[in-house]
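Sequence lines set the chain letters: A, B, ... in the order given, protein chains first and strands last, and positions in each chain run from 1. None of the values given here were measured: they were computed from a predicted structure.
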Number of protein chains: 2
Amino acid sequence: MITLTEENYIKAIYHLSNNGTENVNTNAIAEAMSTKASSATDMIKKLSEKNYADYKKYQGVTLTEKGKRVAVNIIRKHRLWEVFLVEKLNFTWDEVHEVAEHLEHIKSDKLIDELDAFLEHPTHDPHGDPIPDKDGNFQHIDKIVLAKANIGVAYKCVGVDDTSTAFLQYLDSNGIALGTMITVMHKEPYDNSVKIQLKDSEIVVSQSVAKNLYLKKI
Amino acid sequence: MITLTEENYIKAIYHLSNNGTENVNTNAIAEAMSTKASSATDMIKKLSEKNYADYKKYQGVTLTEKGKRVAVNIIRKHRLWEVFLVEKLNFTWDEVHEVAEHLEHIKSDKLIDELDAFLEHPTHDPHGDPIPDKDGNFQHIDKIVLAKANIGVAYKCVGVDDTSTAFLQYLDSNGIALGTMITVMHKEPYDNSVKIQLKDSEIVVSQSVAKNLYLKKI
DNA sequence: AATAATTTTTAGACTTATCTAAATTTGTTT
DNA sequence: AAACAAATTTAGATAAGTCTAAAAATTATT
Ligand SMILES: [Mn+2]
Ligand SMILES: [Mn+2]
Ligand SMILES: [Mn+2]
Ligand SMILES: [Mn+2]
């Protein structure tokens, strides 16, 4: 039996480790979980004892296959609930994250399978992130971050890295949503801001925006 | 801020106290929560400190107005989720209780209001229990228990007291559901079993069934 | 009204997840 | 290679919720 807190740590490690592929250090986990390093160490030990992670003192942590399965399953639930909230309950994409953070921990296979079917097996969540299927498989979108896009090329917005209300509302008020066409006009070397062309406007976005917006070549 | 455990105790007290009207003793609470009396005492003290309940040592406990509001709100959420599971996700009435027990603790006013609207403001849950509205008001159905029904009178099944899988599946396999017409044919004094007439069958049910099935005169 | 039975509370202990402060290990610089 | 800095772990505390065993209060019975 796995606790809610263990699930949250496993999910955090999964994201920090680039989908379970890389080693993660204690401080990064503590920061992601908004706790202290000592708390992270305690939990890492526990996850290791329960075979969710491999851990050697001072050497960081990696998820085991068992740990990765747990992580992907929680992510599946999180993203399906996000779709439900937006598609069925009139939530906006900046409102769903916090509620999904709790709904993702409800344990019922039937619930999540039926929800998946009810939503007609969605493949992506409201932020453009892929939804793993029942077996944990999902397709990796070939996306790049706006900051690394090429000048003059036409892209489509396919995702965001930051799902905070502040960032998503910023995008809303600037007419950027999933599917929006974007052409990079100019990159300012001084502050790494980027001038982009939208359908009927041209705007300048800061580096932090450019680093959190994912695009795909058309 | 209220914890999940506090919410569960408050709900249990509400049900044990006949909707917040009567005094409840420690042992009853412990039994309902499947814990020991000492644990119940600790929690009662805490609920009292937080003004969810009035408590005098050895004299039992009653919910305050604040406590009742919390209880009714959780019951509202529990029952709305049960409707959702049955109406939208193909759950049967014997499958919903356990999942709703967890969903009821998700904290989001928007979530529950939108869910209510999405379900078109249902007034009763899959077990025939009334769903409180946003302000905590709900109509009390004028129901009687089968054990106290009169012989020869036509009734309609409007609810159950026991929501366990075993009991609900028993009803399913005997052709009894919400809305089923029932006429009492005979009450056996020896074991308090009851012979009832359904649409095209006549069956005998035990006292424990008769005490858990609610009827309404047509 | 005294005794017995039942109910309830208290005392002390355990677990989970957290914290601060101190100790240890690793890495970086001179 | 020694010293310093940064990252990590350990030690000891705390809060929530639970437990067992024992003490206290209430209720029932003679
Ligand atoms: Mn979570
Ligand atoms: Mn998302
Ligand atoms: Mn519950
Ligand atoms: Mn119900």
| request: May I have the distance from Asn23(B) (atom CG) to dT7(C) (atom P), rounded to whole angstrom? | output: 15 Å
| query | Taking only side-chain nitrogens and oxygens of Thr41(B), does any of them come within less than 4.0 Å of OP1 or OP2 of dT9(C)? | reply | yes
| task | Scan Ser39(A) against the nucleic acid and name what it touches under 4.0 Å (heavy atoms): base, sugar-phosphate only, or nothing. | result | base
Report, one line per pair, each donor and acceptor closer than 3.5 Å where one atom sits in a side chain of residues 116-135 of chain B; sequence neighbours left out.
from	atom 1	to	atom 2	distance (Å)
Asp116(B)	OD2	Arg76(B)	NH2	3.4
Asp116(B)	OD2	His121(B)	ND1	3.1
Asp125(B)	OD1	His127(B)	N	2.7
Asp125(B)	OD1	Gly128(B)	N	3.1
Asp125(B)	OD1	Asp129(B)	N	3.0
His127(B)	ND1	Glu82(B)	OE1	3.1
His127(B)	NE2	Trp93(B)	O	2.8
Asp133(B)	OD1	Asp135(B)	N	2.8
Asp133(B)	OD1	Gly136(B)	N	3.0
Asp133(B)	OD1	Asn137(B)	N	3.0
Lys134(B)	NZ	Asp113(B)	OD2	3.1

| Excluding sequence neighbours, so at least two apart, what forms ring pair (Phe, Tyr, Trp, His ring centres under 6.0 Å) with Tyr9(B)? | none
| query | Looking only at side-chain N and O atoms, does Lys36(B) come under 4.0 Å of OP1 or OP2 in dT20(D)? | reply | yes
| Rounded distance in Å - CD1 (Ile44(B)) to C1' (dT9(C)) | 10 Å
Scan the side chains in residues 26-34 of chain A for donor-acceptor partners under 3.5 Å anywhere in the protein, sequence neighbours excluded, and list what turns up.
none

| request: Using a strict cut-off of less than 4.0 Å between a Lys/Arg side-chain nitrogen and an Asp/Glu carboxylate oxygen, indicate whether Lys46(B) and Glu49(B) qualify as a salt bridge. | output: no
Show the distances under 3.5 angstrom between N or O atoms of the protein and N or O atoms of nucleotides 24-28 of chain C.
from	atom 1	to	atom 2	distance (Å)
dT24(C)	O2	Tyr58(A)	OH	3.4
dT25(C)	O4'	Tyr58(A)	OH	3.4

| Glu7(B) and Lys107(B) ion-paired at < 4.0 Å | yes
| Residues forming a ring pair (Phe, Tyr, Trp, His ring centres under 6.0 Å) with His78(B), sequence neighbours excluded | His97(B)
| field | Touch class at under 4.0 angstrom, heavy-atom based, for Lys45(B) against every strand present | value | sugar-phosphate
| query | Does Ser38(A) make a side-chain donor-acceptor contact with the base of dT20(C), cut-off 3.5 Å? | reply | yes
| message | List the residues meeting side-chain hydrogen bond (donor to acceptor under 3.5 Å, both in side chains) with Gln207(B), not counting sequence neighbours, and say none if there are none. | response | none
| request: Just grab all the ring pair (Phe, Tyr, Trp, His ring centres under 6.0 Å) pairs involving residues 13-67 of chain B, residues at least two apart or on different chains. | output: none
| request: Report the residues that fulfil side-chain hydrogen bond (donor to acceptor under 3.5 Å, both in side chains) with Asp42(A), sequence neighbours left out, ordered by chain and then residue number. | output: none
| Contact list for DNA chain C against residues 24-31 of chain B - heavy-atom distance below 4.0 Å | Asn25(B), Thr26(B), Asn27(B)
| Set of residues satisfying side-chain hydrogen bond (donor to acceptor under 3.5 Å, both in side chains) with respect to Lys66(A), sequence neighbours excluded | none
Contact list (N/O, under 3.5 angstrom) for nucleotides 15-17 of chain D vs protein:
from	atom 1	to	atom 2	distance (Å)
dG17(D)	OP1	Thr3(B)	OG1	2.7
dG17(D)	OP2	Lys46(B)	NZ	2.0

| request: Tell me, please, which residues at least two apart from Ser39(A) pass side-chain hydrogen bond (donor to acceptor under 3.5 Å, both in side chains). | output: none
